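Reading through the structure tokens given below for one structure.
Heads up: numbering here begins at 1 and tracks the sequence. Computed from a predicted structure; not experimentally measured.
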Amino acid sequence: MNNNIQINFSLKGITSILIGAFIFVASYLIETILNGFLIDDNPLGMLSAETLEILIITITIFAFLFSSLTLFFNGKRTAKKQEHKLWSEKTKAATKKYFLGIIIIFASLLILMNLGFIDYITPTFLILYAVLLFVFKNKERKNLLILSGVSILLAVMCFLIPTYWASSLSILGIAHVAYGVVVKE
């Protein structure tokens with residue numbers, strides 16, 4: 001049985017580019033919605049706070065869903081190309097770790113939002129995302145530490161400057177795209 005965990009959770013090439021694009025677009029949409037909510041003449045200003053929260057949570061869920069589907073379909077395509085079995089015991093365990101990490105991230109963000117710690121949502125996400133990337137690094141993919149380091153650095157910036165959240169998420173998206181361009185499949 002092949003150790004094909006690298007196939008299922010590979011952030012090389014187009015996968016990283018797409019995930020970066022999803023992060024970038026989601027952060028842009030959330031920032032646009034929040035700015036529109038604060039402007040009186042904007043139609044988004046008529047939304048209730050609950051509707052606004054649901055809209056932002058939906059955008060975030062779709063970004064994670066599309067990112068997860070990108071990982072899955074890239075793994076499926078690579079496994080077929082290399083004639084490997086897509087699911088092994090190690091990849092099933094890694095998938096469970098991945099979804100556990102996603103659940104922990106979303107639960108933490110929802111708890112912070114419900115407690116009113118809005119300024120800590122983005123830094124917490126960035127730290128937990130860095131931990132998730134760190135969990136999936138291995139001897140062959142030490143360069144994932146670069147993305148983890150960028151996430152931690154951006155989290156520190158968000159703690160120091162709370163209004164830097166949108167820029168931090170945009171930079172993370174751009175870093176993913178750059179990583180995908182540099183680290184080819």
Side-chain angles (χ1 to χ4, degrees), residues 5-6 8-35 38 53 56-71 74 94-95 97-185:
I5 189 170
Q6 290 88 6
N8 288 17
F9 293 98
S10 176
L11 284 178
K12 297 178 184 177
I14 192 70
T15 305
S16 184
I17 292 170
L18 287 173
I19 290 172
F22 297 144
I23 292 171
F24 187 81
V25 169
S27 69
Y28 176 76
L29 287 174
I30 292 170
E31 182 183 25
T32 302
I33 289 169
L34 288 174
N35 287 339
L38 297 174
E53 287 177 4
I56 291 171
I57 291 170
T58 303
I59 290 170
T60 307
I61 288 172
F62 274 113
F64 271 105
L65 178 67
F66 290 150
S67 297
S68 298
L69 288 173
T70 300
L71 282 171
N74 180 55
T95 302
K97 282 195 299 188
Y98 174 76
F99 283 112
L100 180 65
I102 297 296
I103 290 169
I104 290 171
I105 289 172
F106 272 107
S108 301
L109 298 181
L110 286 174
I111 289 169
L112 286 173
M113 187 177 71
N114 287 334
L115 292 176
F117 296 121
I118 302 299
D119 289 340
Y120 299 115
I121 289 177
T122 302
T124 303
F125 164 73
L126 291 168
I127 290 170
L128 292 175
Y129 186 70
V131 169
L132 184 66
L133 289 175
F134 181 77
V135 166
F136 285 103
K137 72 116 181 119
N138 59 24
K139 291 179 224 168
E140 292 84 28
R141 294 187 286 167
K142 289 183 180 175
N143 48 10
L144 275 180
L145 292 175
I146 295 170
L147 285 176
S148 292
V150 167
S151 293
I152 295 291
L153 179 65
L154 292 171
V156 169
M157 293 294 293
C158 283
F159 275 125
L160 297 174
I161 309 167
T163 57
Y164 197 66
W165 69 269
S167 300
S168 292
L169 291 175
S170 297
I171 291 170
L172 179 64
I174 292 168
H176 258 287
V177 170
Y179 180 82
V181 169
V182 171
V183 181
K184 303 273 187 211
E185 293 187 62

Has the side chain of S16 got a donor or acceptor atom that lies under 3.5 Å from a matching backbone atom of G13? no
Nearest 0.5 angstrom please: L110 CG to I57 CD1, how far? 5.0 Å
One should read off an interatomic distance between F64 CZ and Y129 OH, to the nearest 0.5 angstrom, of 7.5 Å
side-chain contact (heavy atoms from CB on, under 4.5 Å) partners of A130, counting only residues at least two apart: S148, S151, I152
Does F159 have any ring pair (Phe, Tyr, Trp, His ring centres under 6.0 Å) partners at least two apart in sequence or in another chain, and if so, which? Y120
How would you list, by chain and number, every residue that makes a side-chain contact (heavy atoms from CB on, under 4.5 Å) with L128, sequence neighbours excluded? I105, S108, T124
Please, which pairs that meet side-chain hydrogen bond (donor to acceptor under 3.5 Å, both in side chains) have at least one residue in residues 59-71, sequence neighbours excluded? S68-Y98
Heavy-atom closest contact (I30 atom, W165 atom, distance): CG2-CH2, 3.8 Å
Check whether any side-chain heavy atom of I118 lies under 4.5 Å from a side-chain heavy atom of M113, and answer yes or no. yes
Checking F66 now: which residues fulfil ring pair (Phe, Tyr, Trp, His ring centres under 6.0 Å) with it, not counting sequence neighbours? F22, F62
Heavy-atom neighbours of F106 CZ exceed 12 at 6.0 Å: yes
One should read off an interatomic distance between N114 CG and I111 CD1, to the nearest 0.5 angstrom, of 8.0 Å
I want to check something: taking the side chain as every heavy atom from C-beta on, are E31 and L169 in contact at a cut-off of under 4.5 Å? no
Output for pair (I33 CD1, I56 CD1), nearest 0.5 Å, gives 6.5 Å
How would you list, by chain and number, every residue that makes a side-chain contact (heavy atoms from CB on, under 4.5 Å) with L29, sequence neighbours excluded? V25, I59
Gap separating the CG atom of L172 from the CD1 atom of I23, nearest 0.5 angstrom: 4.5 Å
Could you tell me which non-hydrogen atom of C158 sits nearest to which non-hydrogen atom of T122, and how far apart they are? SG-CG2, 3.9 Å
So, do Y179 and V150 sit near enough that their side-chain heavy atoms are less than 4.5 Å apart? no
I want to check something: taking the side chain as every heavy atom from C-beta on, are I104 and L132 in contact at a cut-off of under 4.5 Å? no
Rounded to the nearest 0.5 Å, what separation is found between the CD1 atom of I102 and the CD1 atom of I61? 11.0 Å
Listed partners of A155 passing side-chain contact (heavy atoms from CB on, under 4.5 Å), at least two apart: P123, L126, I127
Can you list the residues that meet the side-chain hydrogen bond (donor to acceptor under 3.5 Å, both in side chains) rule with S168, with sequence neighbours excluded? none
